[in-house]
Amino acid sequence: MASELTVIVVDNFFTGRKDNVAHHLANPRFEVIRHDVVEPILLEVDQIYHLACPASPVHYKYNPIKTIISLLIQFRKSKFSSKFAAIDSWTNVVGTLNMLGLAKRIGARFLLTSTSEVYGDPLQHPQVETYWGNVNPIGVRSCYDEGKRTAETLTMDYHRGANLEVRIARIFNTYGPRMCIDDGRVVSNFVAQALRKEPLTVYGDGKQTRSFQYVSDLVEGLMSLMEGEHIGPFNLGNPGEFTMLELAKVVQDTIDSNARIEFRPNTADDPHKRKPDITRAKELLGWEPKVPLREGLPLMVTDFRKRIFGDQEA
Ligand code: UDP
Ligand code: UDP
């Protein structure tokens, strides 16, 4: 909107909150529609940023069948047994497919937000876009990983088959203000725990790594990709890599040096390491992240503090 665009947000508010956009509601260039992308929708727009999908493992595992369906499958009642028909009762063509169908009808450019999870538990480090990944097809994370992989496939098939203009981003772990406080992901967990004087819950031995990107860097990356000439896929992430124990240390340094650490059993199939190679985005989009973790985290902490304790203690 700052660059004079009109923005229509489509959200079913499963993990989003109206509060996050409340400050835009009076802007004539802004609209929100409560809608679930597993249902078809008619709109007239020039560009579609398809971000719809729960991204926290806690959320996407909550209803894994809906996660994968809303990401990918064309479920036709006639083709499946009655067991599947129950699932199918609320959708026969879904999520990504609806957005691609919409883009095709109106000739809009379509940007898919895929994920670093397409690399699974990677055997190459850092991950380059040409790496095909190491995903467990039958694991508890598969609904998301395979869902996004197939969403990439569908996107490329619409590009090849229907001449649709498409863009694919693979987003690495991202954090920032307005994240759900009890989202279940590691940065929001540690920050909320430290503020509430609860122990920081480190899963497993805490030696697994992630690379954390501040939200404004991601937004710039997505817009550069949408406006640019290259399809991708592009890794969009911050190459600064941390073990979970190192992340806990940054949170202690930022919020409370006395915050305790409590070890918990890890979840199944947790990727051991993750770090984007962003050479392609640097060269072709002229993009790279600007905000290191130690600068971005305090901005998130200010927002979390306000939401947890109210304005008076912020
Ligand atoms: N679709 C939509 N909005 C539109 C156009 C299509 O939601 O403006 C949905 C439509 O319901 C369909 C899906 O996108 O289920 C795929 O559309 P497409 O035209 O590619 O496939 P078809 O309908 O021919 O199977
Ligand atoms: N994790 C952790 N404590 C938490 C939540 C997550 O140590 O309270 C770990 C988790 O095991 C994983 C990493 O943090 O290794 C990132 O998890 P997250 O759910 O944030 O995102 P993912 O990259 O797994 O999708």
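Ligands are counted one by one from 1 in listed order, and the atoms in each one are counted from 1 as well.
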Mind checking whether Leu245 and Phe263 have side chains closer than 4.5 Å, heavy atoms only?
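In contact.
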
Presence of salt bridge, [Y] and [X], under 4.0 angstrom:
X	Y	answer
Arg167	Glu227	no
Asp303	Lys306	no
Asp270	Arg210	yes

With a 3.5 Å cut-off and no angle check, do the side chains of Tyr131 and Asn235 form a donor-acceptor pair?
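Side-chain D/A pair, Tyr131 to Asn235: absent.
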
Within ligand 1, which atoms have a heavy atom of [X] less than 4.0 Å away?
X	value
Lys104	18 (P), 19 (O), 20 (O)
Pro40	7 (O), 11 (O)
Leu97	13 (C), 14 (O), 16 (C)
Gly101	5 (C), 6 (C), 14 (O), 16 (C), 17 (O), 20 (O)
Arg105	4 (C), 5 (C), 8 (O)

Applying a heavy-atom distance cut-off of 4.0 Å, which protein residues contact ligand 2?
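The answer is Pro57, Glu117, Arg141, Asn173, Gly184, Arg185, Val186, Asn189, Phe190, Thr201, Val202, Tyr203, Gln208, Arg210, Met244, Asn266, Asp270, Arg274, counting any residue whose heavy atom sits under 4.0 Å from ligand 2.
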
Please, which pairs that meet salt bridge (charged side-chain N to carboxylate O under 4.0 Å, His left out) have at least one residue in residues 229-242, sequence neighbours excluded?
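Listed by first then second residue: nothing to list.
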
Verify whether the ring centers belonging to Tyr214 and Tyr175 lie closer than 6.0 Å.
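Under 6.0 Å, so yes.
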
May I have all residue pairs that pass side-chain hydrogen bond (donor to acceptor under 3.5 Å, both in side chains) and include part of residues 24-34, sequence neighbours excluded?
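Listed once each, the pairs would be none.
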
Only pairs at least two apart or in different chains count here, so list each side-chain hydrogen bond (donor to acceptor under 3.5 Å, both in side chains) that has a residue in residues 280-290.
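Sorted result for residues 280-290: Glu220-Lys290.
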
Just let me know how Ile41 lines up against ligand 1, side chain, backbone, both or neither, with a heavy-atom cut-off below 4.0 Å.
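Just the backbone.
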
Would you kindly specify which portion of Met99 sits under 4.0 Å from ligand 1, judged on non-hydrogen atoms: side chain, backbone, both or neither?
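Answer for Met99: neither.
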
